A.B. asks: 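This structure is in structure tokens; I'll ask about it shortly.
None of the values given here were measured: they were computed from a predicted structure. The figures that follow rest on heavy atoms only: side chains count, while hydrogens, waters and symmetry mates do not. Residues: numbered from 1 along the sequence shown.
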Amino acid sequence: MMSSSRFHSLFVKISERAVRALLVCSGSITGVAIILIVVFLFREGFGLFGSPSVESGYALCVHSSNSIEELSPMQIKQIFDGEITDWNSLGSNRGEIVLFRFDEIFSLYPEEEFGEDYALLPQKLGEVIARNPDIIACLPEQYLPETDGSVKILPTKNILATDFFGGKEWLPTATPSPQFGALPLIAGTLWVSFFAILIALPLGLGVAVYMSELAGERSRRLLKPAIELLAGIPSVVYGFFGLVVLVPLIRQTFALPVGETAFAGSLILAIMALPTIITIAEDAMRGTPMAMREASLALGATRWQTIYKVIIPYASSGIMAAVVLGIGRAVGETMAVLMVTGNAAVMPTSLFQSIRTIPATIAAELGEAPAGGAHYRSLFLLGCILFIITMIISISAELISKRKSGL
């Protein structure tokens with residue numbers, strides 16, 4: 001009997017140690033995986049600032065008599081888009097700008113003049129530049145003409161942090177100088193999330209007050225699962241609902257040319273944030289001690305006075321946590337916003353214009369961005385921004401929850 005008891009005790013100890021070791025191993029693997037993901041995300045993202053501002057593998061050439069020494073990415077883009085047409089506006093001593101792209105050389109010379117394996121192509125390109133003092137040419141680095149004599153190659157700067165975080169144009173496929181201005185995407189994300197919370201907060205708080213203080217037990221048992229079910233609906237379903245129902249309704253109601261607007265995105269995100277806000281706020285209100293409710297009523301306060309002067313102030317930390325987590329739900333949403341906001345990377349000035357958010361940009365463009373290129377790294381850097389925003393929201397929710405626990 002003693003032998004059996006000792007065997008059972010030994011088995012329990014071994015089982016406990018095995019389970020403990022398994023939990024420690026699982027936690028360690030999870031922690032290491034998270035650290036590696038974060039390191040990979042930031043390493044890839046900040047690699048953007050080592051990328052050239054001109055399309056990889058290309059360089060800009062001008063006539064040696066041109067006094068221009070360097071051009072910013074925005075100036076290059078404006079020149080090749082025809083927005084800047086005169087060298088004088090850039091402080092140079094030349095006249096009207098003459099644009100030249102590499103493929104134009106084949107319309108100027110017969111192909112047989114380039115020699116075997118295009119060996120004479122750099123010489124021919126140099127002749128074109130020599131004949132045009134006002135030219136600016138975008139050429140592959142492998143065919144660059146000699147810099148002595150009449151050709152000057154402009155230095156290529158790397159993309160700067162100010163270009164990314166302060167730029168107002170997101171055109172990663174523009175040639176020869178892609179534009180990675182993330183400010184419209186950051187502003188669009190915060191714009192939609194802010195108005196989503198403005199819509200969701202009063203509605204969510206009202207439903208939470210009803211379920212906590214006014215609804216009967218039967219109504220609460222029916223409403224709570226229904227509200228929690230909303231949180232389980234896939235975001236793409238919300239996106240379809242917004243695209244089929246809300247977008248046409250907004251277009252017709254406000255007489256807009258298109259219904260894919262920031263307002264449509266805010267409405268969808270508000271609906272998606274409601275379950276989080278309602279559930280957490282209702283739990284916080286139901287956590288108010290019964291003694292405080294009874295004391296308020298005993299002093300002559302009405303039921304409504306008790307709700308907004310006692311219960312809501314007591315549950316304010318929980319309500320704030322609900323709001324912060326609702327914002328986190330809105331900020332990180334991808335598919336629904338991608339489907340209803342129009343995806344226009346412009347600075348938001350109105351609820352009734354198309355915008356683009358950070359998650360929607362990553363989802364829409366990552367599949368077509370060449371791995372390791374500037375476009376690819378810029379999307380990872382957007383992910384870093386989203387990670388930091390989400391981390392701030394999570395830390396805020398944790399601090400608010402701790403404050404609530406200390407009451």
A.B. asks: Between F263 and F254, what is the ring plane arrangement, given parallel below 30°, perpendicular above 60°, and tilted in between?
C.D. replies: perpendicular
A.B. asks: Side chains of L154 and E70, heavy atoms from C-beta outward: is any pair under 4.5 Å?
C.D. replies: no
A.B. asks: Could you check whether any side-chain N or O of S354 sits under 3.5 Å from a backbone N or O of T261, counting only pairs where one atom can act as donor and the other as acceptor?
C.D. replies: no
A.B. asks: Would you call R220 and E217 a salt bridge, using N to O less than 4.0 angstrom?
C.D. replies: yes
A.B. asks: Looking only at side chains, do T306 and S296 share a donor and an acceptor under 3.5 Å apart?
C.D. replies: yes
A.B. asks: Salt bridge or not between K224 and D283? Use side-chain N to carboxylate O under 4.0 Å.
C.D. replies: yes
A.B. asks: I34 vs T30, test: side chain to side chain contact (heavy atoms under 4.5 Å, CB included). Steps then yes/no.
C.D. replies: CA-CA 6 Å; I34 292 173; T30 303; 4.0 Å; yes
A.B. asks: Any chance you could measure F387, atom CZ, to I37, atom CD1, to the nearest 0.5 Å?
C.D. replies: 10.0 Å
A.B. asks: Just how far is it from atom OG1 of T390 to atom CD1 of I385, taken to the nearest 0.5 Å?
C.D. replies: 11.5 Å
A.B. asks: Has T85 got a side-chain atom pairing as donor or acceptor with G82's backbone, closer than 3.5 angstrom?
C.D. replies: no
A.B. asks: Can you tell me how far CG of L48 sits from CD1 of I159, rounded to the nearest 0.5 angstrom?
C.D. replies: 4.5 Å
A.B. asks: Short question: side chain of Q78, backbone of Q75 - any donor-acceptor pair under 3.5 Å?
C.D. replies: no
A.B. asks: Within the 4.5 Å heavy-atom criterion, are F194 and T189 side-chain neighbours or not?
C.D. replies: no
A.B. asks: Just by modelled atom types, is the L190 backbone N or O under 3.5 Å from a matching donor or acceptor in the S193 side chain?
C.D. replies: no
A.B. asks: Got a donor-acceptor contact below 3.5 angstrom from the N132 side chain to the D134 backbone?
C.D. replies: no
A.B. asks: Could you pull out the closest heavy-atom pair between W191 and T349, with the gap in Å?
C.D. replies: CZ2-C, 4.2 Å
A.B. asks: Does R131 have more than 12 heavy atoms from other residues, nucleotides or ligands lying within 6.0 Å of its CZ?
C.D. replies: yes
A.B. asks: Any side-chain heavy-atom pair from E365 and L379 closer than 4.5 angstrom?
C.D. replies: yes
A.B. asks: Can you find a heavy atom in the side chain of I79 that is under 4.5 Å from one in the side chain of L71?
C.D. replies: yes
A.B. asks: Anything under 30° is parallel, anything over 60° is perpendicular, the rest tilted; go ahead and classify Y143 against F102.
C.D. replies: parallel
A.B. asks: If we only count heavy atoms from C-beta on, is the E96 to W87 side-chain gap below 4.5 Å?
C.D. replies: no
A.B. asks: Looking at L23, is its backbone amide N or carbonyl O close enough to the side chain of S26 to form a donor-acceptor pair, meaning the two atoms are under 3.5 Å apart?
C.D. replies: no
A.B. asks: Does a side-chain N-to-carboxylate-O contact under 4.0 Å join E213 and R286?
C.D. replies: no
A.B. asks: Which distance, rounded to the nearest 0.5 Å, do you find between the CG of L274 and the CG of L201?
C.D. replies: 10.0 Å
A.B. asks: Is the closest side-chain heavy-atom distance between M292 and Y314 below 4.5 Å?
C.D. replies: yes
A.B. asks: Is the shortest side-chain heavy-atom distance between V128 and F100 below 4.5 Å?
C.D. replies: yes
A.B. asks: Looking at Q123 and L120, would you say the former's side chain and the latter's main chain have a donor-acceptor pair under 3.5 Å?
C.D. replies: no
A.B. asks: Suppose we call two aromatic rings close when their centres sit under 6.0 Å apart. Are Y308 and W304 close by that rule?
C.D. replies: no
A.B. asks: Taking the inter-plane angle between the rings of F49 and F165 on a 0 to 90° scale, is it parallel (under 30°), tilted (30 to 60°) or perpendicular (over 60°)?
C.D. replies: tilted
A.B. asks: Where is the tightest heavy-atom contact between S92 and N88, given as atom of each residue plus distance?
C.D. replies: O-OD1, 3.1 Å
A.B. asks: Indicate yes or no for a side-chain donor-acceptor contact from Q179 to the backbone of P73 under 3.5 Å, with no hydrogens or angles considered.
C.D. replies: yes
A.B. asks: Could you grab the distance from atom CG of N66 to atom CD1 of I135, nearest 0.5 Å is fine?
C.D. replies: 11.0 Å
A.B. asks: Could you report the tightest heavy-atom contact between S65 and H63, atom names first, then the distance?
C.D. replies: OG-ND1, 2.8 Å
A.B. asks: Keeping to residues at least two apart or across chains, list the side chain to side chain donor-acceptor pair (under 3.5 Å) pairs with something in residues 233-259.
C.D. replies: S235-E333
A.B. asks: Give the C-alpha distance, both sets of side-chain angles, the deciding distance and a yes or no for side chain to side chain contact (heavy atoms under 4.5 Å, CB included) between L366 and Y376.
C.D. replies: CA-CA 7 Å; L366 188 58; Y376 177 84; 4.2 Å; yes
A.B. asks: Would you please say whether a donor-acceptor pair under 3.5 Å links the side chains of Y118 and Q142?
C.D. replies: no
A.B. asks: Specify the closest pair of heavy atoms between P176 and I76, including all atoms of both residues, with the distance to one decimal.
C.D. replies: CG-CG2, 3.8 Å
A.B. asks: Work out which heavy atom in V151 is nearest to a heavy atom in S64; give both atom names and the distance.
C.D. replies: N-CB, 4.1 Å
A.B. asks: Can you check whether F40 and F380 have ring centres sitting under 6.0 Å from each other?
C.D. replies: yes
A.B. asks: Checking the side chain of E294 only, and the main-chain atoms of A291 only, is there a donor and an acceptor separated by less than 3.5 Å?
C.D. replies: no
A.B. asks: S53 vs D163, test: side chain to side chain contact (heavy atoms under 4.5 Å, CB included). Steps then yes/no.
C.D. replies: CA-CA 10 Å; S53 56; D163 296 331; 5.9 Å; no
A.B. asks: Could you walk me through whether M74 and E169 satisfy the side chain to side chain contact (heavy atoms under 4.5 Å, CB included) test, starting with their C-alpha distance in whole Å, then the side-chain angles of each, then the deciding distance to 0.1 Å, before giving a yes or no?
C.D. replies: CA-CA 9 Å; M74 180 55 68; E169 288 197 35; 3.9 Å; yes
A.B. asks: With no hydrogens and no angle check, is any side-chain donor or acceptor of T279 less than 3.5 Å from a backbone partner on T276?
C.D. replies: no
A.B. asks: What distance separates C138 SG from E55 CD, expressed to the nearest 0.5 Å?
C.D. replies: 6.5 Å
A.B. asks: What pair of heavy atoms forms the shortest contact from V244 to P248, and how long is it?
C.D. replies: O-CG, 3.3 Å
A.B. asks: Decide yes or no for R94 and P133: does some side-chain heavy atom of the first lie under 4.5 Å from some side-chain heavy atom of the second?
C.D. replies: yes
